Amino acid sequence: MMNIQQLKEQFIKIYGEGEIRTFHSPGRVNLIGEHIDYNGGYVFPCALEFGTYGLVRERNDNIVNLASTNFDLKVSVDINNISFKEEEDWANYPKGVMKVMLEKGVRLKGMDILISGNIPNGAGLSSSASLEVLIAVIVDTLFNGGTSDRVDLVKISQKAENTFVGVNCGIMDQFAVGMGRKNQAILLDCGSLSYSYANVDLGDNTLVIMNTNKRRALNESKYNERRAECDEALVILRKEKPISALCDLTSEEFDKLEDVIENSKVRARAKHAVYENERTKRAYECLNKGELKEFGKLLVESHNSLRDLYEVTGKELDTIVEESLKVSGCIGARMTGAGFGGCAIAIVKKSEVDSFMNRIRENYSKLIGYEPSFYLSGIGQGTEEVK
Ligand code: GLA
């Protein structure tokens with residue numbers, strides 16, 4: 001990991017001397033409310049302390065140069081001619097954001113950019129959303145005086161991922177990255193985009209992020225498959241009740257209607273969405289009232305629903321969560337993000353964190369065949385210029 005001074009030296013090596021501005025954009029974890037951002041539900045994510053740095057300098061032409069300390073590949077692009085290119089790999093994220101901004105009429109000129117990320121790739125901690133919002137904020141700050149509405153920049157970033165990169169994600173990741181606040185989680189109603197912040201006071205406990213180190217291989221196709229199953233359920237339920245999204249239903253309403261969905265898998269997906277939405281609202285209240293045991297129980301219920309009804313966990317995530325719950329001092333654990341690998345979170349007594357991690361490392365390795373990784377991150381601030 002490089003510090004900002006080292007990054008500046010690196011920048012000068014690539015682009016020469018001159019003024020440099022530095023920005024930081026966090027990764028995120030979702031505390032609860034999984035796979036319901038695209039079902040009009042509530043999610044409860046927070047930004048992390050680690051993320052992606054972007055160092056930048058304006059140019060007097062229309063060329064954007066993109067370099068990264070994480071990848072050898074450097075890309076130069078003329079802003080009047082931006083298109084997706086498979087071989088340009090990571091650079092497609094910044095290119096996508098710039099393209100969407102230009103289409104919206106945002107002013108944009110040439111830049112020299114150096115990116116440096118601390119978010120483990122493919123771990124489900126939103127390294128791509130972090131990079132997208134970073135670019136949106138850089139462009140807005142440099143060329144529009146930082147006057148854009150932050151939620152608009154979040155939407156632009158999501159649109160870039162959907163239409164340029166081609167991943168049909170919801171809005172949660174970009175929202176958490178762009179709107180995050182230190183020590184607070186965001187309760188976001190993805191139907192209306194209204195939101196409120198909650199202090200994350202875990203008392204004697206702390207958040208442990210556990211990476212299964214299972215790469216999320218089939219992730220994108222499975223993700224889109226789940227979305228399609230939810231859409232199918234919505235079409236059927238709408239014949240019975242005028243709803244605009246699955247999470248418009250309460251669990252009581254769903255229980256009465258569920259038999260109209262004949263396909264048991266589709267019914268299970270919809271059930272997860274409706275119940276997860278209610279769990280998320282309860283979890284927010286529990287956290288606000290300091291009812292941490294109850295909060296932990298809701299995390300476990302969420303994981304079980306993602307395992308049994310939504311079927312997005314898999315052996316590695318189930319193992320790491322099961323093993324976590326066996327350790328005294330752990331009051332709750334669940335997968336976080338899209339699933340099929342990636343990370344889980346656990347709420348663990350501060351005084352027992354070291355022994356917790358040792359036990360999980362040992363037991364998980366025995367059962368799965370390789371080690372997990374752990375990250376202890378506080379809750380960080382959304383994308384910002386570092387002065
Ligand atoms: C991924 C997507 C999000 C959300 C989660 C699941 O992180 O990018 O939009 O759907 O999965 O909650």
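Each ligand, and each atom within it, is numbered from 1 in the order the structure gives. Remember, it's a predicted structure, so these values are computed and weren't measured experimentally.
Aromatic ring centroids of Y223 and Y38 lie under 6.0 Å apart. When ring centroids are compared, F175 and Y195 come within the 6.0 Å threshold.
Against a heavy-atom cut-off of under 4.0 Å, Y38 is close to the following atoms of ligand 1: 10 (O). Interface atoms of ligand 1 facing C169, defined by a heavy-atom separation under 4.0 Å, are 2 (C), 8 (O), 9 (O). Atom numbering of ligand 1 starts at 1 in the shown order; those under 4.0 Å from a heavy atom of Y223 are 1 (C), 2 (C), 3 (C), 4 (C), 9 (O), 10 (O), 11 (O). Near G337, meaning under 4.0 Å from any of its heavy atoms, are these atoms of ligand 1: 6 (C), 11 (O). Ligand 1 places these atoms under 4.0 Å from at least one heavy atom of E34: 6 (C), 12 (O). Taking a cut-off of under 4.0 Å to the non-hydrogen atoms of M172, the atoms of ligand 1 that pass are 4 (C), 5 (C), 12 (O).
Under a 4.0 Å N-O distance rule, the pair K265/E311 qualifies as a salt bridge. A salt bridge links K182 with E49: the closest approach of a Lys/Arg side-chain nitrogen to an acidic carboxylate oxygen falls below 4.0 angstrom. Salt-bridge formation is detected for the pair D173/R28: a Lys NZ or Arg NE/NH1/NH2 atom is positioned less than 4.0 Å from an Asp or Glu carboxylate oxygen.
At least one heavy atom of D37 sits closer than 4.0 Å to an atom of ligand 1.
Residues V177 and P26 approach most closely at CG2-O, 3.4 Å, considering heavy atoms.
Where the criterion is an N or O separation shorter than 3.5 Å, residue side chain and backbone included, G170 meets it with respect to ligand 1. Checked against a 3.5 angstrom limit, the closest N/O atoms of N30 and ligand 1 fall outside it. Residue R28 places at least one N or O, backbone or side chain, under 3.5 Å from an N or O of ligand 1.
For CG of N81, the number of neighbouring non-hydrogen atoms (other residues, nucleotides, ligands) closer than 6.0 Å is 12 at most.
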